[in-house]
Amino acid sequence: MDLAYTPKQRVFREEVRAWLADNVSRQPLASYDTKEGFEQHREWERRLFDHRLSMVMWPEALGGRGCDLIEWLIFEEEYYASGAPLRVNQNGQLLLGPTLMEFGTEAQKQRFLPRMAASEDMWAQGWSEPNAGSDMAAITSKAIRDGDHYVLNGQKTWSTRAIYADWLFGLFRSDPASSRHHGLSFVLVPLDTPGVTIRPIRALNGKEAFAEIFFDDVRVPVDNRIGDEGQGWHVAMATAGFERGLLLRSPGRFQHTARRLVALYQAHRETADRDPTIRDTVCESWMGAEAYALAAYHTVGRLAKGARIGDEASTNKIVWSELDLKMHETAMRILGARGELLAEAPDAGDAASWLEGFLFAQAGPIYAGTNEIQRNIIAERMLGLPKS
Amino acid sequence: MDLAYTPKQRVFREEVRAWLADNVSRQPLASYDTKEGFEQHREWERRLFDHRLSMVMWPEALGGRGCDLIEWLIFEEEYYASGAPLRVNQNGQLLLGPTLMEFGTEAQKQRFLPRMAASEDMWAQGWSEPNAGSDMAAITSKAIRDGDHYVLNGQKTWSTRAIYADWLFGLFRSDPASSRHHGLSFVLVPLDTPGVTIRPIRALNGKEAFAEIFFDDVRVPVDNRIGDEGQGWHVAMATAGFERGLLLRSPGRFQHTARRLVALYQAHRETADRDPTIRDTVCESWMGAEAYALAAYHTVGRLAKGARIGDEASTNKIVWSELDLKMHETAMRILGARGELLAEAPDAGDAASWLEGFLFAQAGPIYAGTNEIQRNIIAERMLGLPKS
Amino acid sequence: MDFTFNDDQLAFREAVSRFLMTEAAPEMLREVWETDIGRSPDLRHKIAEQGLTALSVPEDCGGLGMDDVAWSLMTQELGYYAIPDSLADTAYVAAGLITALPDSIATRSEWLGRIADGSIRIAVGHPVNPLVADAQPSDLLLLSHDDEVHAVPRSLVDVIANPSIDLSRRLGHVVWEPSSATRVATGDTGRALWAAVLERGVLSVAGQLLGLAQRMLDLSVDYAAQRKQFGKAIGSFQAVKHHLADVATRIEFAKPVLYRAAHAVAHGEDDAPVRVSHAKLACGEAAWLAARHGIQVHGAMGYTWEVDLQMFMKRAWALDASWGDRGFHKSRVAGFVLGDAAALGPGRTFEE
Amino acid sequence: MDFTFNDDQLAFREAVSRFLMTEAAPEMLREVWETDIGRSPDLRHKIAEQGLTALSVPEDCGGLGMDDVAWSLMTQELGYYAIPDSLADTAYVAAGLITALPDSIATRSEWLGRIADGSIRIAVGHPVNPLVADAQPSDLLLLSHDDEVHAVPRSLVDVIANPSIDLSRRLGHVVWEPSSATRVATGDTGRALWAAVLERGVLSVAGQLLGLAQRMLDLSVDYAAQRKQFGKAIGSFQAVKHHLADVATRIEFAKPVLYRAAHAVAHGEDDAPVRVSHAKLACGEAAWLAARHGIQVHGAMGYTWEVDLQMFMKRAWALDASWGDRGFHKSRVAGFVLGDAAALGPGRTFEE
């Protein structure tokens with residue numbers, strides 16, 4: 001155990017901090033669930049990429065700067081501390097990226113990763129189907145081999161920001177006689193291919209944050225398959241592990257929220273203290289975010305020594321999603337009657353960004369595998385309890 | 001809705017209050033889980049009976065005074081407010097009593113109820129078996145007909161204070177070819193019958209609060225059966241409803257605990273307020289106990305108009321058991337380091353009675369059907385969700 | 001001692017429920033949301049036709065003279081159907097204040113008559129609410145200036161719209177000048193009126209929150225019974241069952257608290273404010289839990305605009321902090337519980 | 001930056017665990033409970049033979065010189081096996097204080113030598129604890145008189161026994177008179193010593209609470225996998241699974257908090273008290289939840305004396321309020337979080 005950062009790590013932190021201080025605008029971007037905001041975020045991603053800060057852990061040859069996991073944590077800490085924009089291409093960068101690193105051919109890596117790092121290609125995710133939400137193995141969308149192409153038919157849903165995306169990655173049934181986890185393949189699909197139809201889904205807040213995607217005899221080259229034919233489940237599960245795990249929700253995000261919550265409480269202390277639980281929850285939020293950060297450093301240290309992220313990814317998912325929900329609920333309690341106001345309300349003040357976060361936090365226990373599914377995984381795989 | 005007590009009800013309250021003020025000793029009795037304490041409590045029950053206050057709702061001819069449910073609630077309120085001893089024969093009086101009223105023959109009522117009201121007979125309960133806890137239909141103890149007797153064989157467990165009791169009531173399988181809910185009979189067994197062996201079970205606190213009871217060719221007359229042969233499940237379920245429902249845990253008990261908790265908090269306010277949740281939980285305790293009391297009056301009003309206690313008994317069970325646990329946990333938090341001390345510790349002061357209550361409260365979510373079972377019942381019977 | 005409703009009250013509730021089920025389906029709500037005014041004159045007209053605007057108006061002013069206890073059933077129905085209207089503000093909260101005005105206020109009976117016949121919409125600007133609900137579409141606003149009560153025609157105020165996450169809420173920041181022409185009560189009278197309005201306003205949202213909780217539970221039960229995953233209805237999974245059983249339990253134990261509070265207000269009992277705050281907290285908790293477990297049971301569907309759950313969920317979140325947030329109500333309860341040992345304990349539930 | 005244990009530390013923990021698994025089975029605990037002294041000289045002897053009493057003693061006094069970080073593994077094992085002994089008080093908490101005494105205290109190295117060879121039992125009377133654990137069977141007591149530290153032989157104090165619900169705890173009310181003969185530190189030195197003892201004492205129980213939580217989880221998993229109801233192992237019911245998954249999650253996320261706190265104490269970091277209080281709260285919550293869900297999973301069996309769960313559960317409840325109750329630790333955390341905005345937020349987890 002050596003809890004000092006190396007000189008190199010310190011220098012990196014200083015560099016990132018300085019760059020962000022110079023480049024993050026005080027004026028927040030529009031929501032990335034709108035066309036205008038999406039483009040603003042893409043523009044921001046390009047600036048990050050230009051300074052080799054979009055995917056710091058990727059090799060330099062693929063658009064990154066070859067950082068290790070500790071440096072990645074440092075980057076994330078500084079990123080969130082600076083109040084920089086949310087990452088708009090995270091489906092590609094954080095979910096597909098690591099999968100390509102592990103299962104992609106050299107040609108596939110060269111073809112997709114640098115453009116992904118630069119947000120030249122924006123990626124949508126194609127996991128869920130109308131009857132395959134938490135039960136991902138119930139997928140029925142097909143990818144039937146026809147020469148050197150697959151012909152896709154079926155429907156995907158809950159694809160975040162897909163109406164603005166260029167590409168989709170997802171699981172398709174390549175063996176029509178197969179069932180459950182077998183006979184699936186992991187395929188990448190350009191969303192401008194004939195036969196693709198995208199229908200937006202409005203979220204709770206009225207924004208078109210998701211889409212349904214329909215595939216009607218969509219032809220994609222066999223080269224667009226990641227991993228072997230029929231091995232899609234194995235490839236996807238590795239990705240799902242990344243998603244639930246650290247990458248998608250690095251601790252800096254929650255530590256930043258906890259600090260903002262403390263400031264919100266301080267600014268409204270007199271009214272907040274009429275409910276004595278608020279003060280306690282504010283302190284618990286700091287503790288929860290700090291514990292999540294400590295667990296991340298512990299995990300990263302073990303990964304550096306050769307361990308793999310296992311079922312503890314499921315505990316991560318539960319912890320960050322419930323922490324995020326608790327912090328935003330507490331903010332709503334502090335804000336009281338102002339909590340319901342939208343950003344366009346003249347009296348909303350600092351409240352509206354918390355409301356937006358509160359609404360988004362509702363989805364935390366649901367996406368990337370519901371928390372019920374995670375609890376099943378913990379019970380069955382970590383604790384060895386019998387299947388239902 | 002008429003929330004004024006009638007003059008008769010007011011007079012009754014005054015009478016009960018005055019009698020208790022004159023008769024409840026300031027010196028608490030020894031624990032009824034000890035031989036000495038059990039006898040002290042039996043003695044107290046006899047005094048209650050002598051003043052026709054042991055079973056106020058029973059008809060006068062059976063040892064009661066024919067009160068209605070509102071008067072019973074009033075009695076309970078005054079009883080708990082006075083700090084009077086816990087009721088030692090409640091298995092008989094509150095569980096078997098109503099069953100006998102509903103299913104017993106006139107002769108059985110005359111034979112058992114007055115002696116029960118007077119605590120001449122102390123009753124133990126024989127529901128659970130080692131492999132039939134929450135799953136009561138898994139009972140295997142047998143009662144095989146032999147002329148005008150049943151021959152009992154098998155084992156019961158978790159029988160509260162059975163080592164001091166005179167009689168046991170329970171379910172036995174009278175049709176050996178039957179399974180689950182069918183072929184059971186509800187039988188009363190004198191515990192001094194040859195072939196009965198009672199082995200104490202020590203509880204968490206080291207006291208012999210329960211017993212296992214072994215039946216080895218125990219012969220009991222057929223007259224000791226309540227209801228028809230093979231109808232035991234139906235008879236028992238009515239009793240279980242009473243148990244989970246109001247009778248066993250009347251609201252006065254929890255309102256009294258809430259008041260004591262407020263006083264405990266006031267006495268230790270300075271240290272308690274270092275944990276801001278304590279003050280909140282203390283207030284919540286009052287609200288919880290008050291809500292439970294209001295729900296009881298609402299239910300009693302509906303019963304008086306001809307309704308029956310239904311599956312809402314399951315919501316009652318969850319509410320009182322979790323409220324009781326929360327109040328005692330809060331008391332332990334207020335007491336801090338003194339919380340662990342037993343009554344014989346010179347420095348324990350007011351702490352030890354809370355510890356005893358805290359330990360007892362642990363059993364609340366378990367006995368009379370675990371709270372998980374209650375939640376299943378609510379979901380399936382009140383909400384109509386499908387069985388697992 | 002009878003803490004239940006009589007058959008007439010239960011039949012009234014049933015009739016209101018049947019009426020709103022037909023006239024205020026979720027599709028209608030969605031249509032109303034799309035309008036500028038956010039209100040349906042047609043729905044309001046039908047409500048008035050049913051006599052629902054006349055519930056609290058005294059019988060000698062053309063109303064039915066029903067009390068807060070009856071309203072505790074009515075507000076649950078308004079919540080259950082998430083009625084996008086300030087009906088309760090006009091017909092219950094404002095009606096209560098105006099009824100209590102002295103007869104010397106010339107327009108008192110005119111206003112009450114118009115409440116009864118449904119031809120007036122009154123917004124109530126109690127200081128506990130920073131913004132005024134339905135200020136924009138109102139005809140008359142009851143506004144406070146210190147202890148004074150002012151009844152101000154819509155034409156004399158400016159309203160700055162403040163949109164809420166609940167599109168059924170139309171909140172306004174009201175800019176106005178008090179004058180003797182609009183003043184209807186002052187001093188102790190005004191103070192007492194505002195105090196009474198507060199309790200009614202809180203009771204009104206408490207009842208609506210409870211109705212919203214029940215609706216979210218019903219929607220979740222329906223969804224869980226139909227939606228299949230891993231080859232089974234998700235409602236057969238224990239986690240889903242237990243989530244929904246907890247919501248049902250919370251609702252069952254909030255109801256009598258609401259009724260007790262309504263009785264305390266109707267009869268001017270001393271501890272009415274504590275009972276009312278208890279009701280608001282209990283009903284708010286039930287609604288909050290119904291939303292939390294409701295969205296969890298609905299999964300991703302619950303996060304969409306398309307599925308009805310969102311309408312009830314967002315309304316529950318918004319109403320939870322209206323007419324006093326949790327801190328406001330918790331401090332009223334704490335003041336009582338930690339201040340008056342004599343009034344605690346068994347036997348005090350119905351006697352002061 | 002490497003926030004993990006090295007192979008030696010993990011191997012050490014493994015060895016301690018294997019040793020205690022053999023030597024401190026639950027049956028042994030039950031036997032020790034029945035004795036008057038409540039301690040097993042035989043077990044203590046074996047522990048000393050393994051060198052475990054010498055862990056913190058400096059190498060030049062015959063010990064191994066291990067720091068708080070290593071102890072954070074050791075105390076988890078002591079908790080896991082619910083060792084009915086004040087081993088950590090003597091070999092960790094008292095050893096730390098005595099090591100920090102000036103060399104001028106003549107008996108310093110003698111005491112350290114006796115700690116290392118296991119021939120002394122030292123009770124620590126920190127003011128945060130109203131009673132002194134193991135005062136009765138101790139050879140020496142470290143007691144406070146204002147800022148002063150007194151090392152008092154057992155023969156000079158009276159001990160009034162105060163039995164705890166955890167029969168492994170032997171608490172005493174200590175009656176004694178301070179004198180210059182027993183005084184080993186005063187003023188700023190004494191104050192600093194008591195402050196350091198506090199952090200070590202808290203870390204010690206935090207680690208034990210975490211070990212207790214893990215043991216209760218393991219017992220519950222075993223029980224749930226074997227016990228059948230409705231024809232299935234109860235561990236296949238979702239409610240049981242989710243209860244135990246929550247306990248496992250709580251434990252996993254408390255561990256790094258404990259390790260971070262131990263590091264802060266070992267390196268004298270300024271924010272050590274906050275880290276230590278955070279660790280105590282996190283470990284205490286894990287233990288409390290493990291007890292709650294453990295008894296629920298065990299059903300009625302969990303309420304009995306016969307089943308082992310009770311030993312670990314009662315010890316967890318008792319230790320949770322020792323070395324500062326929740327209020328004490330919450331107020332230390334609040335003082336930091338609400339007092340020093342600069343130190344919050346990302347990037348401060350390892351840098352002050």
Side-chain angles (χ1 to χ4, degrees), chain A residues 128 130-135 137-138 157-158 200-210 268 270-278 325 329 332-348 352 355-356 358-360 362-367 370-373 375-376 388, chain C residues 33 128-131 160-167 169 171-173 227-232 234 237-240 243 281 288 291-292 294-307 309-311 313-315 317-332 334:
Chain A
S128 299
N131 291 305
S134 289
D135 182 13
T157 192
W158 308 125
I201 302 175
R202 290 166 84 188
L204 214 49
N205 60 4
K207 300 213 178 83
E208 295 180 341
F210 313 101
H268 299 83
E270 202 177 326
T271 49
D273 279 345
R274 293 168 311 151
D275 177 352
T277 64
I278 287 179
L325 201 52
E329 278 185 11
M332 295 296 282
R333 300 253 188 273
I334 294 173
L335 291 165
R338 268 199 308 138
E340 66 178 295
L341 298 182
L342 298 178
E344 53 266 41
D347 292 12
L355 172 62
E356 197 62 29
F358 171 74
L359 296 177
F360 185 69
Q362 302 298 319
I366 295 166
Y367 67 85
T370 66
N371 286 8
E372 283 80 13
I373 298 284
R375 289 188 168 92
N376 288 346
S388 299
Chain C
W33 275 10
V128 81
N129 293 312
L131 298 169
I160 303 158
N162 270 270
S164 160
I165 183 67
D166 171 17
L167 288 186
R169 301 259 291 164
L171 299 170
H173 183 120
R227 168 78 177 172
K228 290 207 164 130
Q229 215 154 52
F230 301 101
K232 297 200 281 191
I234 61 169
F237 291 107
Q238 225 181 13
V240 169
H243 277 338
L281 290 167
W288 200 273
R292 177 84 277 283
I295 194 171
Q296 199 62 26
V297 165
H298 276 76
M301 293 305 294
Y303 194 70
T304 64
W305 187 267
E306 187 183 344
V307 167
L309 180 68
Q310 55 105 350
M311 292 187 284
M313 198 159 56
K314 289 176 342 193
R315 188 157 177 80
W317 290 328
L319 289 184
D320 186 55
S322 74
W323 288 96
D325 59 17
R326 296 218 182 166
F328 177 84
H329 294 290
K330 281 189 171 186
S331 61
R332 295 212 305 182

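Quick note on labels: first sequence line is chain A, next is B, and so on, each numbered from 1. Predicted, not measured: the structure shown is a model, and the values here were computed from it.
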Peer 1: Give a yes or no answer on whether the side chain of C:Gln296 reaches the backbone of A:Pro365 with a donor-acceptor pair at less than 3.5 Å.
Peer 2: yes
Peer 1: With chain C, which of A:Ala137, A:Ala138, A:Gly206, A:Pro276 has the greatest number of heavy-atom pairs at distances under 4.5 Å?
Peer 2: A:Gly206
Peer 1: Check whether C:Ile160 gets within reach of chain A through its side chain, its backbone, both or neither, counting any heavy atom under 4.5 Å.
Peer 2: side chain
Peer 1: Measuring heavy-atom distances to chain A, does C:Ala161 have an atom under 4.5 Å in its side chain, in its backbone, in both, or in neither?
Peer 2: backbone
Peer 1: Side chain, backbone, both or neither: which part of C:His243 has a non-hydrogen atom closer than 4.5 Å to chain A?
Peer 2: side chain
Peer 1: Looking only at atom types and distance, does a side-chain atom of C:Asn162 sit under 3.5 Å from a main-chain N or O of A:Asp347, one as donor and one as acceptor?
Peer 2: yes
Peer 1: Has A:Arg333 got its NZ or CZ under 6.0 Å from the middle of the six-membered ring of C:Trp288, at an angle within 45 degrees of the ring axis?
Peer 2: yes
Peer 1: Distance-only, no hydrogens or angles: does the C:Lys314 side chain make a donor-acceptor pair with backbone N or O of A:Leu204 under 3.5 Å?
Peer 2: yes
Peer 1: Tell me, side chain or backbone of C:Asp320 under 4.5 Å from chain A's heavy atoms, or both, or neither?
Peer 2: side chain
Peer 1: Quick one: of A:Arg375, A:Glu344, A:Glu372, who has the most non-hydrogen atom pairs under 4.5 Å with chain C?
Peer 2: A:Glu372
Peer 1: Does any backbone or side-chain atom of C:Met313 lie under 4.5 Å from a heavy atom of chain A? Answer side chain, backbone, both or neither.
Peer 2: side chain
Peer 1: In this structure, is the centre-to-centre distance between the rings of A:Phe358 and C:Trp317 below 6.0 Å?
Peer 2: yes
Peer 1: Go through the steps to decide whether C:Arg326 and A:Asp275 satisfy the test salt bridge (charged side-chain N to carboxylate O under 4.0 Å, His left out), and finish with yes or no.
Peer 2: CA-CA 7 Å; C:Arg326 296 218 182 166; A:Asp275 177 352; over 6 Å; no
